[in-house]
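Below: one structure, written as structure tokens.
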Protein chains: 2
Amino acid sequence: MAQVTLRDIADHLSMSVSTISKALKGYADISKETRELILATAEEMNYIPNASAVNLRTKQTKTIGVIVPSTEHQFFSKVLSGIIDEAEKYGYLVIILQSNENYNTEKQQLQLLKQNRVDGILISLSNETHRFEHIEKLMKEDIALVLFDKTTKLLPCSKVAIDDRQAAYSAVECLLKKGYKRIAHFRGPHIPQLSIDRFLGYKQALIDYGIPFDPSLVYVCDNNDDFKDGYENARLLVQEHKDVDAIFTITDVVAVGVMKYFKDVKISIPDDIALFGFSNWFMASVVTPSLSTVDQPTFEMGKTAAKILFEEIKALKNKVKIEPREIILPTSLKIRESI
Amino acid sequence: MAQVTLRDIADHLSMSVSTISKALKGYADISKETRELILATAEEMNYIPNASAVNLRTKQTKTIGVIVPSTEHQFFSKVLSGIIDEAEKYGYLVIILQSNENYNTEKQQLQLLKQNRVDGILISLSNETHRFEHIEKLMKEDIALVLFDKTTKLLPCSKVAIDDRQAAYSAVECLLKKGYKRIAHFRGPHIPQLSIDRFLGYKQALIDYGIPFDPSLVYVCDNNDDFKDGYENARLLVQEHKDVDAIFTITDVVAVGVMKYFKDVKISIPDDIALFGFSNWFMASVVTPSLSTVDQPTFEMGKTAAKILFEEIKALKNKVKIEPREIILPTSLKIRESI
DNA sequence: TTGTATGCGTTATCAC
DNA sequence: GTGATAACGCATACAA
């Protein structure tokens, strides 16, 4: 059974298609009676407008695209939830794509979204992405774009993120104030701004507190398996630096990997080594000992990014120039048993 | 800058639109030279087909819709990942909607997807959904539909799920074999088939092992906050039934809530009470003590559901009648420290 | 091998 | 107040 069209309703009522269309859209120049008749008939015939036809005519799809490195990542799934919720309020649909931290995939997916003429795009950059032509190209066209979480300073578009550097600084500062002196950092991959910033925050805090920065205390987690990275790096650390008294990790899962290793080799947290995570995922509160970490407004980040995107879509539609904005969401420390 | 159309290319090359169209689609009746010229020009002009126009013509959108109760739920985010990955292979885009366990929302979202003429729909039913007219209506139209995870026996469409009853049976059987005799069950809400089935598996195991079923040992988790449900029900249980020696929970997060309460009141797991979860989420392996649970193929469920959906979309397109299938994915027990 | 004509379902401008 | 008519961008049957 094919879908009912305006034509079908028109035929059924022996009226013209344009009359039906106008009545359905509440135009003033249709008499109340006919309008009501048409509305009732449409309802009865189970009419549903064909979005493709509408898109073609109106040149807007009421759809946005979102590219994230991975949907199953707890952080992103929560952001997505925020985005989808917000989109629904605005009557927008959300197409979700995962780049798997791959630059080429990300690039291709942008094409796909363009092909579908989405009204706007939200991206959290892949770890691999260090060239931005694909995005710059996009920005020159009539398509709104907002970066979130994994952003870059090299792109003059709106962004929603946290102050990773400051947040990391606070975390390490907290360790320092507690008296820890030999603090290692399990950092993220080299490209993403976010992992650079957290590293810089770490370094700065050490310097500010008169602790010499020791590069050999920085371990990189770049195997796309944070838990394992944490576990392995913990193993290495214990071999190489017996004097370390605290670790600040790029993310909670890394910290949980560390905990696992320490549990296996009977190193006690925080007595032997303290541990500070980042993200405040659910698991941070339920592991033993519970994990001190940096709380970031995840759901809010999604909502905010979406909200800004919709504003830009609206501006674009009205041919108003958009001023790129950078929203920094507040973070806070969750102090728990691990320090 | 408006998007380049076939017309633009045609004008640029002084050819007809249809020639361009055919060349781009690789039709045989275009000479190799012109085709190559056209391909090069299209590339150069940065032509990207307008999906809305194509949809309108071809009556397929190469898009599927997915409705889940919540994307931030770890289980669903993993399923979604499987769906998106699989869709990408088939060249399909995925629109994701969350019903928030609300029947009316689910119903409305189905309308939205119809409006967008998606080629197929995947749904995991909301906990509230106990009427299925909205879905039955859909099934009568040219739109493929596959249920996953939260399915129902009342709908004659394809389904992908696990054997919840059997899986729950195995878990409880495992507890019984270990010698636990007074086993409570923290069940899910009353409507979803899945929580009914897990409950039935629990009950059956007891009966088969000669333990009388005691309804007062069954606690319901229906506040949409599994952790809290677990925590609160644990509190109640301890008050009401001091003799219970094991708990089987509907899901891991509930179990983690239980663990938290027990930790707070110094009840030892598994010495005082054993604990068995369901889902094998990441956290199950990292809490202390680690949680015994039922492992289910989450990512696989998404992939499988998508795969079946695409088969049905294909069948529908070729006007082949589709035979509903029910795929049961295998589960297994993960025995850890909590029992 | 290429071009012409038509229609997909809708919106919007213009007559009547 | 209502109805032709054209246009959105593309695909395809058919004519040349």
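First the proteins, then the strands, lettered A, B, ... as listed; each starts at 1. Any value given below was found using the heavy atoms of this structure, including those in side chains, with hydrogens, waters and symmetry copies removed. Source: prediction; values computed, not measured.
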Q. Are the charged groups of A:Glu312 and A:Lys317 less than 4.0 angstrom apart, N to O?
A. no

Q: For a side-chain contact (heavy atoms from CB on, under 4.5 Å) with A:Pro297, tell me which candidate from A:Leu329, A:Thr304, A:Val79 qualifies.
A: A:Leu329

Q.
I'd like to know if A:Lys307 and A:Glu300 make a salt bridge, using a cut-off of under 4.0 Å between side-chain N and carboxylate O.
A. no

Q | SB check B:Lys107 B:Glu133 (cutoff 4.0 Å) | A | no

(Q) Closer than 4.0 angstrom, basic N to acidic O: yes or no for B:Lys314 and B:Glu311? (A) no

Q: Could you go through the ring pair (Phe, Tyr, Trp, His ring centres under 6.0 Å) check for B:Tyr103 and B:His134 one step at a time?
A: CA-CA 10 Å; B:Tyr103 170 72; B:His134 58 313; 5.0 Å; yes

Q: Give, ordered by number, those residues of residues 33-41 of chain B having at least one heavy-atom distance below 4.0 Å to an atom of DNA chain D; if nothing qualifies, reply none.
A: none

Q.
Checking side-chain polar atoms at under 3.5 Å, does B:Lys62 have a donor or acceptor matched by the opposite partner on A:Asn116?
A. no

Q: Using atom CG of A:Leu24 as one end and atom P of C:dT10 as the other, report the distance to the nearest whole Å.
A: 9 Å

Q | Relative orientation of the end axes in the helix from C:dT1-D:dA16 to C:dC16-D:dG1, expressed as an angle to the nearest 10° (five pairs per end) | A | 50°

Q) Where along nucleotides 3-10 of chain D does protein come under 4.0 Å, by heavy atom, of base (B) or sugar-phosphate alone (S), with - for untouched nucleotides? A) BB-BBBBB

Q) Separation of A:Leu13 atom CG from D:dG1 atom C1', in whole Å? A) 16 Å

Q: Figure out the CD1/P separation between A:Ile30 and C:dT13, and round it to whole Å.
A: 14 Å

Q) Have A:Gln193 and A:Thr151 got a donor and an acceptor in their side chains that come within less than 3.5 Å? A) no

Q.
Could you check whether A:Ser126 and A:Thr129, counting side-chain N and O atoms only, form a donor-acceptor pair closer than 3.5 Å?
A. yes

Q) Does the pair B:Asp11/B:Arg7 count as a salt bridge with the N-to-O cut at 4.0 Å? A) yes

Q) Below 4.0 angstrom from OP1 or OP2 of C:dA12, is there any side-chain N or O of A:Tyr27? A) yes

